[in-house]
Amino acid sequence: MTDIMRAVVQRGYGRPDDVLELTEIERPVPGAGEVLVRLHATSVNTPDWILVTGTPTVLRLGSGLRRPSAPVRGSDVAGTVAAVGPGVTDLAPGDAVFGSGWQNRAGGGAGTFAEYTVAPADQLLRKPAELPFAEAAAAVMSGITALTAVRDVIAAGPGTRLLINGASGGVGTFAVQLAARAGARVTAVCSGRNAEFVRALGAEHVIDHTVEDYTRGTERYDAILDNVLNHSPAASARMLAPAGVYVPNSVGSGSRLLAGLPRMARAATLLRLTGTRVRTVTCVPNRENLAAVAEQLGTGEVTAIVERSYPLDEAASAVSHMLGHRARGNIVITM
Ligand SMILES: NC(=O)c1ccc[n+]([C@@H]2O[C@H](COP(=O)([O-])OP(=O)(O)OC[C@H]3O[C@@H](n4cnc5c(N)ncnc54)[C@H](OP(=O)(O)O)[C@@H]3O)[C@@H](O)[C@H]2O)c1
């Protein structure tokens, strides 16, 4: 007899309320090297709303023309090991873990908007006891992306002048804290209502994007982490000091078919031709990166900001919240 679980299944592409439905499906079975996790929390990230809405449309060529081939969204994992597959020896039922079910294929894995998921064992780490499940879930994709950007791509250190566009969102709030902790001088771009919030996270300067355009300022920066891509990359890159690095970290906006992808590709080529350093960020949810994020959170100086937690049966509202592009920190779903 197969085990049944509750999961939020995607019926097509469109508005979250129209295409996401809480229903019962078969519980996944862990294969070799995989772990079955009973989820306590997951979080909503950009790939989730991109796959729910199916925009930019071109991505449907990979994910599925009428609906994603994998029906359950979500990749961040925080929960308790329920069973392990063949070959998994270092995790056992009952262990509290966090990590990622992302499997880098169309649809992204078994999905985590559900009571159970399977994840590769090498993408799961024992969760520090003092870290709440909701914060652990919020720390996976947002935390690793921010850490990779700040530590590896930008190599922020004492005195680095770093501008973070989109500083008050999931990735941005981690990036501000990590960069400030490394001694960087952070300029945060967000709306005025979030100015004091990002200052409290460590930003030295704040630019309110509703009244000021950072690409028209007089300051120059050693690095720009662009989580929004609402300006042309060339305009952003003009704000760099000599040898500065521009880090585009968004698909941006544009046509329904391609969003900002063509503009981004053209601009990246052009910037490289003019000698501007352009670097992208890849979120790799391996144990090493999970441990590095956990270590940062363990200092108490870096916090996973959770604006709101939604119960599983309100997953569509959680995705809609993200789609509003006004999330302050991370949006979590709890089971
Ligand atoms: N490289 C990777 O592997 C990877 C992984 C995950 C995510 N990402 C990318 O990282 C980016 C950020 O993700 P996220 O989860 O942090 O997004 P998010 O939480 O949805 O970002 C929401 C934030 O965007 C800010 N924002 C909206 N319009 C803005 C504008 N015009 N100027 C400045 N800020 C603006 C809002 O700030 P205000 O309300 O204060 O305006 C809000 O706090 C996404 O583009 C995503 O694709 C990349």
Side-chain angles (χ1 to χ4, degrees), residues 16 42-53 55-56 59 74-76 100 102 104 108 137-154 163-178 187-201 203 206-217 224-233 235-236 247-254 259-261 264 278-286 289 293 304-308 318-332:
T42 185
S43 62
V44 188
N45 293 287
T46 301
D48 302 317
W49 65 252
I50 284 181
L51 273 169
V52 169
T53 58
T55 49
L59 298 181
S75 59
D76 288 348
S100 175
W102 188 260
N104 208 20
V140 181
M141 186 178 285
S142 291
I144 291 177
T145 302
L147 185 74
T148 306
V150 169
R151 179 195 62 182
D152 304 338
V153 176
I154 294 167
L163 180 138
I164 301 175
N165 191 26
S168 50
V171 174
T173 49
F174 273 109
V176 171
Q177 295 177 85
L178 293 167
T187 297
V189 183
C190 60
S191 57
R193 74 191 171 99
N194 284 326
E196 284 317 307
F197 168 63
V198 294
R199 270 190 223 282
L201 297 178
V206 179
I207 296 175
D208 176 353
H209 67 79
T210 65
V211 294
E212 201 179 334
D213 174 349
Y214 76 81
T215 66
R216 294 174 185 273
I224 294 176
L225 173 59
D226 190 352
N227 295 316
V228 187
L229 254 160
N230 54 324
H231 298 286
S232 85
S236 289
V247 184
N249 188 40
S250 171
V251 293
S253 54
L261 295 171
M264 192 50 236
V278 180
R279 300 281 185 276
T280 52
V281 184
T282 307
C283 172
V284 180
N286 58 20
N289 284 333
V293 167
I305 309 287
V306 176
E307 182 186 6
R308 184 163 168 190
V319 177
S320 297
H321 191 150
M322 279 293 285
L323 259 175
H325 304 297
R326 292 272 87 81
R328 185 192 244 208
N330 299 274
I331 302 303
V332 163

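All ligand and atom numbering here is 1-based and tracks the order in the structure. By convention here, the first residue in the shown sequence is residue 1. Everything numeric here is computed off the predicted structure, so don't read it as measured data. Every heavy atom of this structure was used, including side-chain atoms; hydrogens, water molecules and symmetry mates were not.
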Novice: Might you point out which heavy atoms bring Ile164 and Ala167 nearest each other, and give the distance in Å?
Specialist: O-CB, 3.6 Å
Novice: Any chance you could measure Ser168, atom OG, to Leu201, atom CG, to the nearest 0.5 Å?
Specialist: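 Ser168 OG to Leu201 CG: 9.5 Å, rounded to 0.5 Å.
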Novice: Only pairs under 3.5 Å count here: list side-chain donor-acceptor contacts from residues 139-150, not counting sequence neighbours, and write none if there are none.
Specialist:
unit_1	atom_1	unit_2	atom_2	d
Ser142	OG	Asn330	OD1	2.7
Thr145	OG1	Met141	O	2.6
Thr148	OG1	Ile144	O	2.7

Novice: So, using salt bridge (charged side-chain N to carboxylate O under 4.0 Å, His left out) as the criterion, who are the partners of Glu196 when residues are at least two apart?
Specialist: Arg199
Novice: With sequence neighbours excluded, tell me which residues meet salt bridge (charged side-chain N to carboxylate O under 4.0 Å, His left out) with Asp213.
Specialist: Arg216
Novice: Which one of Thr187, Asn230, Asn227, Thr215 satisfies the side-chain hydrogen bond (donor to acceptor under 3.5 Å, both in side chains) criterion with Asn165?
Specialist: Asn230
Novice: Check ligand 1 for close polar pairs with the protein: N or O on both sides, less than 3.5 Å.
Specialist:
unit_1	atom_1	unit_2	atom_2	d
ligand 1	1 (N)	Asn249	OD1	2.9
ligand 1	1 (N)	Val281	O	2.8
ligand 1	3 (O)	Cys283	N	3.3
ligand 1	10 (O)	Asn249	O	3.2
ligand 1	10 (O)	Asn249	ND2	3.1
ligand 1	16 (O)	Gly170	N	3.0
ligand 1	16 (O)	Val171	N	2.8
ligand 1	19 (O)	Gly170	N	3.0
ligand 1	28 (N)	Arg326	NH2	3.1
ligand 1	31 (N)	Asn230	ND2	3.1
ligand 1	37 (O)	Ser168	OG	2.9
ligand 1	39 (O)	Arg193	NH2	2.8
ligand 1	39 (O)	Arg326	NE	2.9
ligand 1	40 (O)	Ser168	OG	2.9
ligand 1	40 (O)	Ser191	N	2.9
ligand 1	40 (O)	Ser191	OG	2.8
ligand 1	40 (O)	Asn194	ND2	2.8
ligand 1	41 (O)	Ser191	OG	3.4
ligand 1	41 (O)	His209	NE2	2.6
ligand 1	41 (O)	Arg326	NH2	2.8
ligand 1	43 (O)	Ser168	O	3.4
ligand 1	43 (O)	Ser168	OG	2.8
ligand 1	43 (O)	Gly169	N	3.3
ligand 1	43 (O)	Ala327	O	2.7
ligand 1	45 (O)	Asn227	O	3.2
ligand 1	45 (O)	Asn249	O	3.1
ligand 1	45 (O)	Ser250	OG	3.2

